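Report on the following structure.
Every value quoted in this text rests on a predicted model; they were computed, and no experiment measured them. Quick note: numbers below take in every heavy atom, side chains included, and nothing from hydrogens, waters or symmetry partners.
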Amino acid sequence: RSSDLEEVDAGSSSKEEKSSNRELEREKAALEEEKLKHSKLMEEEKERLGLLRREIDEKERMLSEEGREKNEEVKSLQAKLKQLEFESERSLLRELETMRESEKKRLEALKKEIAMKDLLHQTVQEEKEKEQMERERKEKELTQLQEEDRKS
């Protein structure tokens with residue numbers, strides 16, 4: 001009986017062992033399946049992150065290109081502004097030079113006019129003086145003639 005009991009114990013022990021082994025195998029298979037799922041999710045996440053990185057890189061490249069274009073546009077506009085300022089200054093200088101020349105001519109004309117009036121005034125003055133001298137000469141002559149008449 002004791003040998004029967006041992007056999008029964010051994011049989012049930014063997015059954016328990018087999019059951020425990022099957023349980024372990026199932027857990028191992030479940031863990032492997034979880035590991036595969038996790039690995040697959042990690043790959044999908046890596047792909048998604050790679051796509052996002054490429055999208056970010058593309059957007060950065062586009063922004064950088066836009067920035068370069070804007071810088072070029074700003075430089076172009078600054079150059080145009082400098083050119084316009086230069087042209088405006090040149091135009092103003094020409095206008096001022098024209099005004100200066102015009103005023104110079106006007107001043108010369110006024111100087112000539114003044115000189116002519118001075119000359120005319122001087123001529124008139126000289127004529128008056130001649131007339132005055134002529135009158136004084138005639139008065140002297142008349143006075144002399146009158147004295148000679150009185151004497152005679």
Side-chain angles (χ1 to χ4, degrees), residues 13-152:
S13 170
S14 173
K15 278 184 184 177
E16 283 175 17
E17 235 175 76
K18 283 181 184 177
S19 172
S20 176
N21 281 345
R22 270 187 245 128
E23 183 83 23
L24 284 174
E25 286 297 319
R26 265 186 287 204
E27 283 179 21
K28 188 177 174 184
L31 281 174
E32 282 297 318
E33 196 174 313
E34 279 296 313
K35 189 175 170 185
L36 280 173
K37 282 181 186 175
H38 182 71
S39 188
K40 188 176 179 183
L41 285 174
M42 288 297 286
E43 279 301 311
E44 288 173 359
E45 194 63 23
K46 278 183 186 177
E47 276 182 44
R48 195 174 71 76
L49 286 173
L51 288 173
L52 283 173
R53 172 52 45 205
R54 281 190 291 278
E55 190 177 323
I56 288 171
D57 288 347
E58 179 64 20
K59 284 185 179 178
E60 284 177 346
R61 187 189 62 73
M62 286 173 55
L63 286 173
S64 176
E65 194 173 305
E66 284 177 20
R68 259 192 310 281
E69 288 172 0
K70 293 293 182 197
N71 280 342
E72 288 172 12
E73 188 177 339
V74 164
K75 285 179 184 176
S76 172
L77 289 173
Q78 287 173 335
K80 285 180 184 176
L81 179 62
K82 280 185 179 180
Q83 182 64 30
L84 287 173
E85 287 172 344
F86 177 74
E87 288 173 6
S88 177
E89 285 175 13
R90 267 192 5 209
S91 176
L92 285 173
L93 287 173
R94 277 193 303 268
E95 195 174 315
L96 286 172
E97 185 62 25
T98 302
M99 288 172 63
R100 190 174 75 81
E101 289 299 318
S102 174
E103 288 299 313
K104 213 177 193 182
K105 287 176 184 175
R106 195 168 145 240
L107 181 61
E108 288 300 316
L110 285 173
K111 283 180 181 178
K112 284 179 182 177
E113 188 179 327
I114 290 171
M116 293 295 274
K117 284 184 179 180
D118 283 348
L119 188 61
L120 182 61
H121 179 71
Q122 185 180 348
T123 306
V124 166
Q125 199 64 33
E126 286 173 359
E127 284 296 316
K128 283 182 179 178
E129 287 173 6
K130 281 182 186 177
E131 285 176 9
Q132 181 68 27
M133 286 170 52
E134 186 66 27
R135 206 176 304 123
E136 287 173 2
R137 189 183 63 75
K138 284 183 179 180
E139 282 178 7
K140 264 186 181 178
E141 271 182 26
L142 185 61
T143 307
Q144 276 180 351
L145 284 175
Q146 285 175 348
E147 278 182 27
E148 284 176 14
D149 275 349
R150 265 187 283 178
K151 286 181 183 176
S152 50

Validation: residues 41-57 side-chain donor-acceptor distances under 3.5 Å, sequence neighbours left out:
| from | atom 1 | to | atom 2 | distance (Å) |
| --- | --- | --- | --- | --- |
| Glu45 | OE2 | Arg48 | NH2 | 2.8 |
| Arg53 | NH1 | Asp57 | OD1 | 3.1 |

Please list every donor-acceptor pair under 3.5 Å in which a side-chain atom of residues 76-94 meets a protein atom from a residue at least two apart or in another chain.
| from | atom 1 | to | atom 2 | distance (Å) |
| --- | --- | --- | --- | --- |
| Gln83 | NE2 | Glu87 | OE2 | 2.9 |

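For Glu127, there are no salt bridge (charged side-chain N to carboxylate O under 4.0 Å, His left out) partners at least two apart in sequence or on another chain.
Between Glu97 and Arg100 there is a salt bridge, since a side-chain N of the basic residue sits under 4.0 Å from a carboxylate O of the acidic one. The residues Glu139 and Arg135 are annotated as not salt-bridged, no charged nitrogen and carboxylate oxygen being separated by less than 4.0 angstrom. Ionic pairing of Glu103 and Arg106 is present here: one or more N-O contacts between side-chain nitrogen and carboxylate oxygen are shorter than 4.0 angstrom. Between Glu58 and Arg61 a salt bridge is recorded (basic side-chain N to carboxylate O distance below 4.0 Å).
The backbone N or O of Leu119 lies less than 3.5 Å from a partner atom in the side chain of Thr123, making a donor-acceptor pair.
Contact check for Lys28 versus Leu31: no side-chain heavy atoms found under the 4.5 Å cut-off. Within the 4.5 Å cutoff, side-chain heavy atoms of Glu134 are placed close to those of Lys138.
Rounding to the nearest 0.5 Å places CD of Glu126 at 11.0 Å from CE of Met133. Atoms CD and CG, on Glu147 and Leu142 in that order, are 10.5 Å from each other to the nearest 0.5 Å. For the atom pair CD (Glu66) and CE (Met62), the distance works out to 6.0 Å, reported to the nearest 0.5 Å. From Glu65, atom CD reaches atom CG of Leu63 across 10.0 Å, with rounding to the nearest 0.5 Å. Distance check: Leu145 CG to Asp149 CG gives 6.5 Å after rounding to the nearest 0.5 Å.
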Step by step, work out the salt bridge (Lys or Arg N to Asp or Glu O under 4.0 Å) result for Glu141 and Arg137.
CA-CA 6 Å; Glu141 271 182 26; Arg137 189 183 63 75; 2.5 Å; yes
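At a cut-off of 3.5 Å, with distance as the only test, a side-chain donor of Gln132 or Glu136 sits close to an acceptor on the other residue.
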